[in-house]
Protein chains: 2
Amino acid sequence: MNEEQNIFHKYLEKHDLRDTLQRELILQIFLRREGHISAEQLYDLVKKRDPSIGQATVYRALKLLIEAGLAREIDFGDGVIRYEHKYNHPHHDHLICRGCGKTLEVVDSVIEKLQKRVAESYGFELTDHEMYLYGYCENCRQKRQ
Amino acid sequence: MNEEQNIFHKYLEKHDLRDTLQRELILQIFLRREGHISAEQLYDLVKKRDPSIGQATVYRALKLLIEAGLAREIDFGDGVIRYEHKYNHPHHDHLICRGCGKTLEVVDSVIEKLQKRVAESYGFELTDHEMYLYGYCENCRQKRQ
DNA sequence: ATTGCAATTGATAATCATTATCCTTTTGCA
DNA sequence: TGCAAAAGGATAATGATTATCAATTGCAAT
């Protein structure tokens, strides 16, 4: 049993939720994949292992993973919410190529500090933020020329 | 005729699009409102002045306003796209209260520079970005105590 | 082990913002 | 004025997500 499963079980227990095969399987498959995955993509993977699982169950399980602190939502604004690992995967922002859709994870500690300062200057206590940087990657720029 | 209308007319002309009463009215009402407005809210306002206008027309007109550079989309991630003025209303980011939903427009030129630098360090040419800072405003913090 | 029951599941219907379709009405121009 | 193309209005379609509900299952107490 890895640490994530441990966290999940503790979360379930604490909230009087049940430990089911479906939830275990969904968590397992989610953990195996790095990067961003949509609910539907995850559902497709889950179906391969157990075709009887419904997609509503996947949506419900993803909510639990978020509440348990194991997953985090990302919204690139294309109408689909994606999910990524949160445990042992510290906060970061995203750099997205408008050409090929490639995404990179980036962090800049100075930006992070300034965000806090900006918020405070307006009397806000910052809890979290989202930052999406859009542009063209090296490859796509070369193709354009 | 104000500058925005001028820009809109030029845009229509340049693209062989027609200048219609509906488009004029929607633009006029959009310009009158400061802040963020959803397509539906705008539709409600438009209906008051001309109940015969359909909401598809409002959606279509908003697209034109964006293409003409007069409006800009904002996505707070709540499933509704909002629109705000773009002309004479330079880029800014948003500071959003998780308590009361209040939003403020903020800019920090140092952050802007750093964003560009971060993107470049990964070989990206930055075209635009979105930054949403979430937290609790002064009011909401006091209420919590 | 068995039971009792609330939590969970799977299938499916419902939502809700946004888009597409389709037919009618206008518009801009000859 | 007449006409082709553009635009509008009504409405159906879309597509991701959520709600509903009957059937099943996990689990604590027996």
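Convention: sequence-line order gives letters A, B, ...; per-chain numbering from 1.
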*More 5' along DNA chain C: A/Leu64 or B/Leu21, using each one's nearest nucleotide?*
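Closer to the 5' end of DNA chain C: A/Leu64.
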
*Could you check B/Val80 against B/Asp19 and say which one's nearest nucleotide on DNA chain C is further toward the 5' end?*
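The residue whose closest nucleotide sits nearer the 5' end is B/Val80.
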
Report the distance from atom [atom1] of [X] to atom [atom2] of [N], rounded to the nearest whole Å.
{"X": "B/Ile37", "N": "C/dA17", "atom1": "CD1", "atom2": "P", "answer": "15 Å"}
{"X": "B/Asp50", "N": "D/dA10", "atom1": "CG", "atom2": "C1'", "answer": "15 Å"}
{"X": "B/Asp16", "N": "C/dG28", "atom1": "CG", "atom2": "P", "answer": "12 Å"}
{"X": "A/Ile53", "N": "D/dT24", "atom1": "CD1", "atom2": "C1'", "answer": "14 Å"}
{"X": "A/Leu12", "N": "D/dT25", "atom1": "CG", "atom2": "P", "answer": "19 Å"}
{"X": "B/Glu40", "N": "C/dA17", "atom1": "CD", "atom2": "P", "answer": "5 Å"}
{"X": "A/Asp75", "N": "C/dA17", "atom1": "CG", "atom2": "C1'", "answer": "14 Å"}
{"X": "B/Asp78", "N": "D/dT17", "atom1": "CG", "atom2": "P", "answer": "14 Å"}

Tell me whether the side-chain N/O atoms of [X] come closer than 4.0 Å to OP1 or OP2 in [N].
{"X": "A/Gln55", "N": "C/dT9", "answer": "no"}
{"X": "B/Tyr59", "N": "C/dT18", "answer": "yes"}
{"X": "A/Thr20", "N": "C/dA7", "answer": "no"}
{"X": "B/Arg23", "N": "D/dA7", "answer": "yes"}
{"X": "B/Thr57", "N": "D/dG8", "answer": "no"}
{"X": "A/Lys63", "N": "D/dT17", "answer": "no"}

_How close do A/Cys97 and A/Cys137 get, counting heavy atoms only, and between which atoms?_
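Heavy atoms of A/Cys97 and A/Cys137 come nearest at SG-N, 3.4 Å.
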
*Consider the side chain of B/Ala39, meaning its heavy atoms from C-beta on, and name the nucleotide among D/dA10, C/dT18, C/dT9 that approaches it most closely.*
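Selected nucleotide (nearest to the side chain): C/dT18.
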
*Which nucleotide in the set D/dG8, C/dT12, C/dA7 lies at the smallest distance from any side-chain heavy atom of B/Arg60?*
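Nucleotide nearest to B/Arg60's side chain: D/dG8.
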
*Mind checking A/Ser38 for me? I need base, sugar-phosphate or nothing, with any heavy atom below 4.0 Å counting as a touch.*
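No contact at all - A/Ser38 keeps every heavy atom at 4.0 Å or more from the nucleic acid.
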
*If you measure only the distance, is there a donor-acceptor pair under 3.5 Å linking the side chains of A/His91 and A/Asp128?*
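On atom types as modelled, these side chains do not qualify, holding no pair under 3.5 Å.
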
*Decide whether B/Arg49 and B/Gln28 meet the rule of one side-chain donor and one side-chain acceptor closer than 3.5 Å.*
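Indeed, the side chains of B/Arg49 and B/Gln28 share at least one donor-acceptor pair under 3.5 Å.
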
*Would a distance-only check, ignoring hydrogens and angles, find a side-chain to backbone donor-acceptor pair under 3.5 Å from A/His85 to A/Arg33?*
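Checking the backbone N and O of A/Arg33 against the side chain of A/His85, a donor-acceptor pair under 3.5 Å is found.
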
_A/Arg23 side chain vs A/Arg18 backbone, donor-acceptor pair below 3.5 Å_ =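 The answer is yes, because a donor-acceptor pair under 3.5 Å joins these two groups.
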
*Do A/Arg18 and C/dA6 have a side chain to base donor-acceptor pair shorter than 3.5 Å?*
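Such a pair is found, so the answer is yes.
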
